[in-house]
Structures are given as C-alpha cells and as structure tokens.
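The sequence lines fix the lettering, A, B, ..., with proteins before strands; numbering per chain opens at 1.
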Amino acid sequence: MLADLRSDFPALAREGRNGRPLIYLDSAATSQKPGQVLRAEADFYRFSNGAVGRGAHLLAEEATEAFEGARAEVAAFVGAGADQLVWAENATAALNLVASGIGNASQGVGGDAGKSFAVGEGDEIVVTESEHHANLIPWQILARRTGATLRWIAVDDAGRLDLGSLADVVGARARIVAFQHASNVTGIIHPVEAIVMDACQTAPHVPLDLATLGVDFAAFSGHKMLGPTGIGALYGRAELLNALPPSIFGGSTVKTVTMTETTWLDAPQRFEAGSQPVAQAVGFGAAVRYLGALGMDSVAAHERALGERLRRGVEAIDGVRLLGPSGSSGENLLGLAAFVVDGVHPHDVGQVLDDAGIAVRVGHHCAQPLHRRLGVPNSTRASAYVYTTEAEVDAFLASLAGVRAFFGLRAVTA
Amino acid sequence: VSAIEQMYQQVILDHAKEAHGRGLAPPVGASVGESFQVNTTCGDEVRLRVGIEGDRVASLTWEGQGCSISQASVSILHDLVLGATLDDTRAVEAAFLALMQARGEEPDAATEDLLGDATAFVGVGRYPARIKCALLGWMALKDALIQANVPPERRDS
C-alpha cells in the first residue's frame with residue numbers, strides 16, 4: 001500500500017465536469033505531476049537557467065550540472081549509466097532516432113562503425129502485431145527505405161504474443177527485433193529477449209533494469225511517469241550508441257567538421273543537436289527521484305492490485321467486453337483495462353463518464369492493428385497510477401455500469 | 001436539462017439507432033461525387049455518395065461507423081439534403097457549421113426552421129472534442145459536392 005500522496009498532485013484537487021470530483025483514469029496516456037516535479041522545473045528557470053555545455057560562467061555551469069545530473073538519475077532509474085542515456089523529445093522520437101540512424105547507416109552515413117547496423121534486401125525487421133504505431137511505422141519506413149522485409153509476431157484473441165512462432169519469425173535473416181515491453185491496450189507485459197524495446201508502458205509502472213534485460217535499445221517518455229512533457233529518453237548499449245549515426249544533424253554533436261566531412265562525438269552528445277530541453281530534463285530527474293522514494297516494487301504492487309480490481313469489475317458488467325486477459329487470470333498485467341460497451345461507441349462511453357467527472361481514454365490508442373486483431377475498431381481505456389485509489393476505481397465501475405441504460409439499451413442477459 | 005442530456009437529445013439517439021440513407025447505392029444524376037472521411041482521433045468513418053440532377057441533390061447514400069453523434073448527424077444530413085436545391089444545401093451546410101461554432105447558444109427561429117432536426121446538435125457545441133464527430137458527414141458532403149463539380153459557393157451576377 002502506498003502512503004497517501006494525493007496532496008502532492010495539485011491537478012487531483014481540481015474539479016471534473018459539472019463540479020464533480022475529478023477521477024483521473026488516463027495515466028497510461030499521460031500522468032499527473034507532483035509538486036516536487038513542478039518545483040524542480042520552475043526552480044531551474046528561477047535560479048539556474050543558463051546555456052548547457054556552452055560557456056564558462058556560473059549559471060552555465062549550474063545548468064550543465066543540473067542537466068547532466070538529471071541524465072545520471074534517469075539512467076540509474078532504469079539500471080543504466082549516464083553515457084547510455086540520450087534525451088529525446090519523447091519516446092516516439094527516441095524510437096525514430098534508432099530507426100532513422102539505422103537507415104542512415106544503411107546508406108553509408110557513419111562510416112565503418114555505422115556499417116554494422118546496415119540493413120538491406122534479404123534482411124528482416126521483426127515487430128509484433130500489438131505495437132503502438134510509434135514502434136511500427138518507423139520500421140515500416142525503414143523497410144521501405146532499405147529494401148528489408150517487415151515481419152511480425154502475431155497475437156492471440158486475448159492479445160498475447162504467439163511465442164510459438166518466435167523461432168520461425170525471428171530467423172537467420174532477422175536483423176532487428178522491435179517490440180513493446182507492455183501493451184498500452186491489453187496491459188500484457190511481454191517476456192524480453194530482443195533488441196529495440198518500447199518501454200513507455202513499463203518504465204513508469206514496474207522496476208526496470210535494462211542492462212539485466214539485455215536489450216540493445218529502449219525508449220521511454222517523461223510525461224507518463226510524473227515528469228514533464230517534451231522529454232523522453234533513449235537507452236542504448238554504449239558500444240552501439242557510439243556506432244549508430246545520428247539522424248538529426250547540427251551543433252554540439254560534432255568532433256570535427258570540414259566543408260565536406262563530419263565526425264561525431266560519442267553518445268549521448270552525437271544525438272543531441274541544438275538547444276536541449278533542460279528544464280524538462282531537470283523535471284524528469286525529480287520525477288524518477290519521486291518514484292524511487294516510493295519504491296518501484298511498491299508502485300508495481302499497488303497498480304497490479306488496482307488493475308485486477310479494474311479488470312474484474314469491468315468484466316462483471318453486463319454488455320461490457322474486456323480486452324486482453326481476465327482480471328482473475330493471475331497474469332502479470334499493467335494497472336489498466338481497455339473494453340468495449342456493446343452498442344455504445346467509445347466516444348459516447350467516455351462522454352457519459354466525463355459527465356461524472358471521470359477521465360478515460362477513448363479511441364484506438366494508436367494501436368489499430370491490435371484492435372483489428374481483437375475484432376473491434378476502438379475501445380475505452382481506464383488506467384491507474386500511483387495516486388489512484390480503490391474508491392476511484394469503484395466509482396468508475398459504478399458509472400460504467402450505467403452507460404448502456406443512458407443510451408436506452410436494455411440489460412443483456414447472459 | 002444537464003449539458004450531457006442537451007447533447008444527447010432523443011432525436012439524436014433515435015437517428016443513431018435507425019439511421020436514414022445508410023447503405024451505399026450507385027448515385028443517380030448527371031454529375032456524381034463520392035467522399036470518404038475519417039476522424040483521425042477515433043477512426044470513425046463515413047463514405048458518402050451524391051448525385052446531382054439539374055440544381056437538385058437527386059441521390060444521397062452513405063455508410064459509416066462511429067459514435068452516436070457522427071452517425072446521427074449523417075442520418076439527419078441525409079433527410080435535410082436529399083431532394084434539396086443546391087442553394088438550400090449550401091444554406092443548411094453553413095447554418096450547421098455556425099451551430100457547431102455557437103458554443104451551445106440556441107439558434108434563432110429562422111435558423112431553427114432551416115436546420116429542423118439538426119438543431120438538436122446545439123449541445124455538441126459545448127464540447128469542442130465532439131464537434132468533429134458532428135461535422136464528419138458534413139465534411140464528406142462538402143467534398144462529395146466538389147467531386148461532383150458543384151462549386152462550393154454560387155457566384156451569381
């Protein structure tokens with residue numbers, strides 16, 4: 001059980017629609033921020049704002065220390081060293097950085113070091129059917145750009161990966177395997193054995209040790225884990241990061257530049273062209289400090305219990321279909337539930353819940369292929385986080401139970 | 001009446017349940033047009049076909065999937081526009097767009113006459129995220145008319 005931390009989150013004290021108490025169940029989309037993060041970001045601007053990595057005056061020095069200190073903190077939070085963590089605008093940008101870098105390497109950018117990444121005709125890139133669009137489209141484009149073939153691991157009716165097909169799909173020609181650590185729709189946490197990992201839905205919610213997982217690259221975002229918007233991170237094994245050519249080119253990334261040739265600094269600097277999101281990095285550092293103080297084991301236990309309550313409650317309501325495994329499956333799932341209400345479109349479901357002060361996500365959650373596979377065009381999703389209470393989950397379930405009646409639909413008899 | 005009840009008026013729920021004009025048929029008329037529109041935030045879609053004969057909308061059919069607001073809106077559009085003159089069609093299009101931008105403000109009597117059942121969408125104007133739902137079919141109509149070579153504004157004189 002987590003200590004009462006709700007008073008740390010100013011947004012949780014505001015009202016929802018119609019003056020109802022706000023019940024925020026959309027943390028898988030973006031989390032609310034504690035005062036500690038807001039203050040860290042504001043204090044940076046108040047007291048230490050200066051250009052990072054340029055200049056020798058006091059403020060430039062403090063700003064550089066804050067920026068690099070945050071890098072070390074966020075890296076340590078996921079079991080990595082500071083030289084293994086690149087700031088990116090968000091997780092999407094981090095995944096694109098890898099895919100575009102490999103595309104560049106395939107076209108000869110990055111010299112001999114980059115050549116180890118080159119892919120082309122006959123090579124295969126493997127993804128899964130349950131990817132977020134952010135970890136699908138960059139690989140589609142890389143395949144098109146290089147002539148490589150895109151393959152994917154299918155999922156079953158509950159959205160679980162068909163690991164029986166793994167040996168077949170990830171064969172001798174597979175050069176890149178890109179997959180999500182956990183689904184933002186079904187909440188399933190996938191077993192790990194691969195290269196490029198989208199950790200957006202696990203870094204905020206479960207203890208993560210990327211070095212132990214043995215992945216080559218991993219991406220996650222600040223705003224889903226109590227941090228600011230506009231900042232994410234790419235983890236990479238140091239020798240790979242130092243060989244991967246950048247895909248955004250500019251100042252502060254180069255060793256030497258002539259009129260015809262450029263050589264790059266080691267990672268992370270080679271990927272961080274131009275002015276960086278310094279205050280956001282400082283806020284991100286404060287966010288992982290906050291989570292670290294809670295303890296990620298406690299966070300995971302809290303969310304797992306809420307997730308089970310959510311899923312069991314949702315599947316107990318007549319005329320509502322839970323996507324993914326049952327709440328009583330005993331599987332290792334995130335604290336979320338995506339579902340469809342028979343005869344009511346998710347937008348209409350979300351509107352009725354919003355009227356009761358309850359914020360949920362509606363739509364395809366940027367996972368159209370997965371929804372297609374599960375046989376629905378879209379869904380409604382309720383997701384919990386550190387500040388979510390059992391009472392909020394119960395209030396949500398009570399409102400959800402009334403949705404079909406609002407639209408004049410009869411109770412379904414099973 | 002609460003804001004949400006004002007949005008989901010009975011006439012909207014009725015049209016959502018039994019939509020008019022649903023089911024694509026070959027368009028009838030001297031010039032024809034078709035448009036496919038998707039609401040990118042939710043994936044809702046409408047495909048709409050029109051046929052123009054003289055200065056009238058001689059046929060209008062559609063298919064689609066989406067929320068009650070988007071589907072009811074196309075159904076009511078069908079009732080308002082099928083058989084109407086192009087001038088009346090443009091007038092009702094403009095009035096509906098204005099209704100969506102009115103932030104829930106009730107329209108005047110003349111506009112209400114023009115819009116008929118579509119006046120029921122007045123409550124949608126209070127929910128910026130839902131305006132796109134209500135406009136999905138109207139965007140398809142606008143585009144289908146362009147495909148049918150009907151100029152968006154009549155240039156008299």
Assess whether side chain to side chain contact (heavy atoms under 4.5 Å, CB included) is satisfied between A:H345 and B:D44, documenting all intermediate values. CA-CA 10 Å; A:H345 188 279; B:D44 285 5; 2.6 Å; yes
Test item: A:D354 and B:I4 side chains (from C-beta on) under 4.5 Å apart, heavy atoms: no
Is there a donor-acceptor contact under 3.5 Å from the side chain of B:R130 to the main chain of A:H347? yes
More than 12 heavy atoms of other groups within 6.0 Å of B:R22 CZ: yes
B:Q71, part contacting chain A, at a heavy-atom distance under 4.5 Å: neither
State, yes or no, whether a side-chain contact exists between A:D355 and B:E5 at a heavy-atom distance under 4.5 Å. no
Does atom CD of B:E105 have more than 12 heavy-atom neighbours, drawn from other residues, nucleotides or ligands, at distances under 6.0 Å? no
With chain B as the partner, which of A:Q368, A:R17, A:H371 has the greatest number of non-hydrogen pairs under 4.5 Å? A:R17
Partner of B:C67 under side chain to side chain contact (heavy atoms under 4.5 Å, CB included), picked from A:V349, A:V344, A:D348, is A:D348
Is it true that atom CD of A:E89 has more than 12 heavy atoms of other residues, nucleotides or ligands lying nearer than 6.0 Å? no
Is any side-chain heavy atom of B:K17 closer than 4.5 Å to a side-chain heavy atom of A:F407? no
Got a sec: does the CH2 of B:W138 have more than 12 other heavy atoms crowding it under 6.0 Å? yes
Decide if atom CD of B:Q101 counts as having more than 12 heavy atoms of other residues, nucleotides or ligands within a radius under 6.0 Å. yes
